[in-house]
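The block underneath contains the structure these notes are about, expressed in structure tokens.
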Amino acid sequence: MAGTPDSSSDLLRTPLNELHRALGAKLVPFAGYEMPVQYKAGILKEHLQCRRSAALFDVSHMGQVRISGAGAAEALERLAPLDAQGLPEGRIRYSFFTNESGGILDDFMTTNAGDHLFLVVNAACKQADFARLKQAMPGGAECELLEDRALLALQGPKAAAVLARLDPSVAELGFMKAGQADLGGVPAQLSRSGYTGEDGFEISVPADRAQALAERLLGEAEVEAAGLGARDSLRLEAGLCLYGHDIDETTSPIEAGLAWAIGKRRRAEGGFPGAETILRQLAEGPEHRRVGLLPEGRAPLREGVELSDGTGHKVGRITSGGFSPSLERPIAMGYVLAALAGPDVGLNAELRGRSVAVTTAALPFVERRYHRS
Amino acid sequence: MADLYFTDEHEWISVEGDKATVGITAYAQEQLGDVVFVELPEVGSSLEKGAQAAVVESVKAASEVYAGVSGEVTAVNEALVDDPAKVNADPQGDGWFFKLTLSDSGELSGLMDEAAYKSFVEGLG
């Protein structure tokens with residue numbers, strides 16, 4: 001991985017590093033951090049734990065950014081196609097920073113926290129995102145990378161019941177809404193959102209309180225720790241994009257099937273990087289589209305595998321692929337020519353010198369079970 | 001009584017006369033994590049020492065299994081196709097990969113015995 005220090009001593013550690021070690025985590029370098037890829041249970045069990053009950057993830061490596069002051073929302077809108085000015089207080093929106101050619105520089109969540117906007121960005125992009133935001137802010141606005149906060153994700157069908165035990169007000173929070181909570185004496189900023197396809201919460205807390213809260217949550221019978229391995233297989237089943245793989249500087253939001261995240265007013269007005277290309281693709285349709293892919297047999301097809309049609313012409317490429325613990329079969333995502341993007345289109349992939357049949361499929365692979373209030 | 005040999009690629013080779021059984025070590029399965037797919041060689045194929053003999057895939061990644069010795073494949077563990085988790089559950093027993101007839105038993109002298117492999121793994125930290 002580019003930019004990843006090769007010695008573990010150069011790696012950054014999250015506030016939960018000691019806890020990961022105590023839990024027997026397998027620690028790996030990820031985006032400059034030493035992160036748990038799995039614990040003793042292993043990825044399959046951790047994945048199913050999240051689908052069936054609740055799993056706790058440390059996502060403190062991600063960037064938490066606060067922007068505030070006059071003109072902050074307008075400045076964010078010059079970098080990304082979300083309706084930041086029209087975002088109601090307590091609401092969360094998904095968006096992405098775009099470049100002049102209509103590609104994606106990073107994807108992120110924005111919360112209107114009342115007196116400021118709170119952003120959660122990808123770990124590998126956070127310094128670049130912060131620099132981009134800082135440069136865009138007008139004189140009266142402020143931009144701060146919150147390095148004294150940890151971020152936990154409690155995900156799964158039992159997540160809400162577990163958190164409500166610590167603060168009953170949690171139960172009333174709707175999907176993609178944010179609020180404050182008192183989690184056993186730890187002041188937390190809660191978002192009812194996540195990256196698994198399940199109901200769940202992302203919990204921002206002061207770094208020095210993170211371990212106590214994590215231990216408290218892991219003490220609940222429904223909760224087990226899960227690592228980045230399960231986080232990846234969960235988001236793949238849920239059909240969610242991983243930055244740097246399924247979306248990057250060369251893929252547009254329209255190709256990626258993310259047009260839903262472009263605000264109505266922004267479609268009409270433009271005014272974000274690459275608007276011309278993105279809005280043209282929105283009107284005319286893109287050349288390629290992101291699709292789900294089901295390989296025949298049991299062998300996983302992974303990122304980088306090329307896809308061809310019945311006549312041997314190259315028609316696309318896999319951007320994420322692996323084994324689905326819920327479906328007990330390989331699944332993948334990738335880009336194909338738009339004409340072949342409908343479900344049930346038969347394609348071929350080459351794996352270790354032999355041809356494997358692949359069928360396009362609608363996303364998600366596993367139904368998302370977000371909280372509907 | 002079979003003799004047990006190990007490679008620095010974390011395969012074990014159990015040898016009786018000129019017959020060998022090959023699999024991956026407990027350390028290897030621990031490093032891989034949950035095994036979800038195993039691709040085995042064809043019965044009757046000839047493997048050269050050091051050549052790719054099988055593929056083992058975990059949730060996260062694909063890894064190659066090399067032939068630690070040369071020989072002809074006489075059997076493969078078909079049970080791994082439907083139940084690859086056997087590799088995790090019993091790597092040095094039910095989780096075996098394939099059997100060979102050795103073409104050069106002299107190659108065994110370049111491999112590690114159990115004690116040497118144990119200290120090799122300890123040296124990996």
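Throughout, a chain's letter reflects where its sequence line sits, starting with A, and its residues are numbered from 1. Note that these values count all heavy atoms, side chains included, but never hydrogens, waters or copies made by symmetry.
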Side chain, backbone, both or neither of B/Val38 within contact of chain A (heavy atoms, under 4.5 Å): neither

Only counting residues at least two apart or in another chain, list the ones meeting salt bridge (charged side-chain N to carboxylate O under 4.0 Å, His left out) with A/Glu306. A/Lys314

In terms of heavy-atom pairs under 4.5 Å, which option from A/Pro300, A/Ala230, A/Pro330 contacts chain B the most? A/Pro300

For chain B against chain A, give me the donor-acceptor pairs closer than 3.5 Å, one per line with atom names and distance.
from	atom 1	to	atom 2	distance (Å)
A/Lys26	NZ	B/Glu30	O	2.9
A/Lys26	NZ	B/Gln31	O	2.9
A/Ile43	N	B/Asp34	OD2	3.2
A/Leu44	N	B/Asp34	OD2	2.8
A/Arg302	NE	B/Glu57	OE1	2.9
A/Arg302	NH1	B/Val59	O	3.1
A/Arg302	NH1	B/Lys60	O	3.2
A/Arg302	NH2	B/Glu57	OE1	2.7
A/Arg302	NH2	B/Ser58	O	2.7
A/Arg352	NE	B/Glu39	OE2	3.3
A/Arg352	NH1	B/Glu57	OE2	3.1
A/Arg352	NH2	B/Glu39	OE1	3.3
A/Arg352	NH2	B/Glu57	OE2	3.3
A/Arg354	NH2	B/Glu39	OE1	2.9

What heavy-atom pair brings A/Phe323 and B/Val36 nearest, and what distance separates the two atoms? CD2-CG1, 3.4 Å

For chain A, which candidate among B/Ala61, B/Ala85, B/Gly33 shows the most heavy-atom pairs at distances under 4.5 Å? B/Ala61

